[in-house]
Structures are given as C-alpha cells and as structure tokens.
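Some notes on the structure that comes next.
Sequence lines set the chain letters: A, B, ... in the order given, protein chains first and strands last, and positions in each chain run from 1. This is a predicted model, so every value here is computed, not measured.
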Amino acid sequence: MSGGLPDHLPDHASAVLDVVDLIPPGRVMTYGDVAEYLGQGGPRQVGQVMARWGAAVAWWRVLKADGSPPPGHEERALRQYRREGTPLRSDGRRVDLRLARWEGPA
DNA sequence: ATAATGACGTCGG
DNA sequence: TCCGACGCCATTA
C-alpha cells in the first residue's frame with residue numbers, strides 16, 4: 001500500500017512514515033501533529049521513528065512545535081526549505097507554522 | 001520487572 | 001528570546 005517506503009518496519013513506524021510521505025512540499029507538520037493525527041503514541045514516539053527510519057522520507061517536513069528543525073539537522077533542513085519555498089520566520093532559522101502548517105489529509 | 005533514554009511539548013523564570 | 005524543570009510514553013538496557 002505504501003509507495004517506495006522500506007518494509008520490515010513495525011506497524012506504528014510505517015504508519016508515521018506513511019503520513020510524513022503525504023505532507024506536500026513547502027508544508028510541514030510538528031511531531032505532535034503527526035501523533036495527534038494518528039491518534040496513538042505521542043510526540044516522542046514520532047521522534048523515535050524519525051530518528052530511526054526518517055531518512056527514507058521527507059524528514060525535514062516534520063519539526064518541533066516552535067517551528068525549529070530537527071536537532072542536529074538544521075543546516076540540511078534550511079536548505080530544503082529554501083528549495084521548496086517553505087515560509088520561514090523573520091529570524092530565518094524557524095519555519096512560520098502559521099503559514100506552512102499542514103493539517104493532514106482531509 | 002525496574003531504570004534509563006530520546007529528532008517532544010508546555011510552562012515558569 | 002533563551003533556558004531549565006517536568007510530564008509524557010514506547011523502546012532499550
């Protein structure tokens with residue numbers, strides 16, 4: 001059912017990666033948003049999945065509640081935001097969630 | 001079974 | 001705005 005994502009992963013992990021794969025370019029979701037959308041686990045569990053299997057998806061589109069990119073990946077994430085035209089805040093270090101936040105598939 | 005860990009979130013100073 | 005303390009919860013040790 002999923003497209004292109006690696007298999008042999010726990011169900012909860014594939015569920016998370018599946019949602020992340022649906023986030024449109026230029027838009028983002030917070031760890032908490034993903035957890036809430038799935039209706040299971042919490043932000044830390046989503047982070048755990050991203051840390052281990054995030055490389056297979058657009059990991060930079062999942063970030064913290066304050067709009068800052070995943071710890072340790074700020075540089076690469078910012079590069080992607082410029083490339084996708086993701087709206088940033090005036091400081092240029094965080095995404096403007098007011099504009100870029102994606103509520104998830106209807 | 002108990003304790004530590006972590007790509008989090010919220011709140012108070 | 002920045003930082004630390006706490007709460008949260010599946011996974012690991």
* Asked: Going by heavy atoms in the side chains, are A:Thr30 and A:Val62 under 4.5 Å from each other?
  -> no
* Are any of A:Arg44's side-chain N or O atoms less than 4.0 Å away from OP1 or OP2 of C:dG7? -> no
* Would you check if A:Arg101 and A:Asp33 make a side-chain contact, meaning some heavy-atom pair closer than 4.5 Å? => yes
* A:His73 and A:Trp59: aromatic ring centres closer than 6.0 Å? -> yes
* Nearest atoms (heavy-atom pairs only) where A:Arg61 meets A:Ile23 -> NH1-O, 3.0 Å
* If you find the nucleotide of DNA chain C closest to A:Gln48 and the one closest to A:Arg89, which residue's nucleotide is nearer the 5' end? -> A:Arg89
* With a 4.0 Å cut-off, would you call A:Arg27 and A:Glu84 a salt bridge? -> no
* Asked: Across the strands shown, which category fits A:Ala51 at heavy-atom distances under 4.0 angstrom: base, sugar-phosphate, nothing?
  -> base
* Structure fact -> Walking DNA chain C from its 5' end, the first of A:Asp91 and A:Gln45 to be reached, judged by nearest nucleotide, is A:Asp91
* Asked: Reading DNA chain B 5' to 3', which nucleotide is the first, and which the last, to come under 4.0 Å of any heavy atom in chain A?
  -> B:dG6 to B:dT10
* Please work out if A:Arg76 contacts a base, only the sugar-phosphate, or nothing of the nucleic acid, heavy-atom cut-off 4.0 Å. => nothing
* Asked: Mind checking whether A:Trp53 and A:Leu17 have side chains closer than 4.5 Å, heavy atoms only?
  -> yes
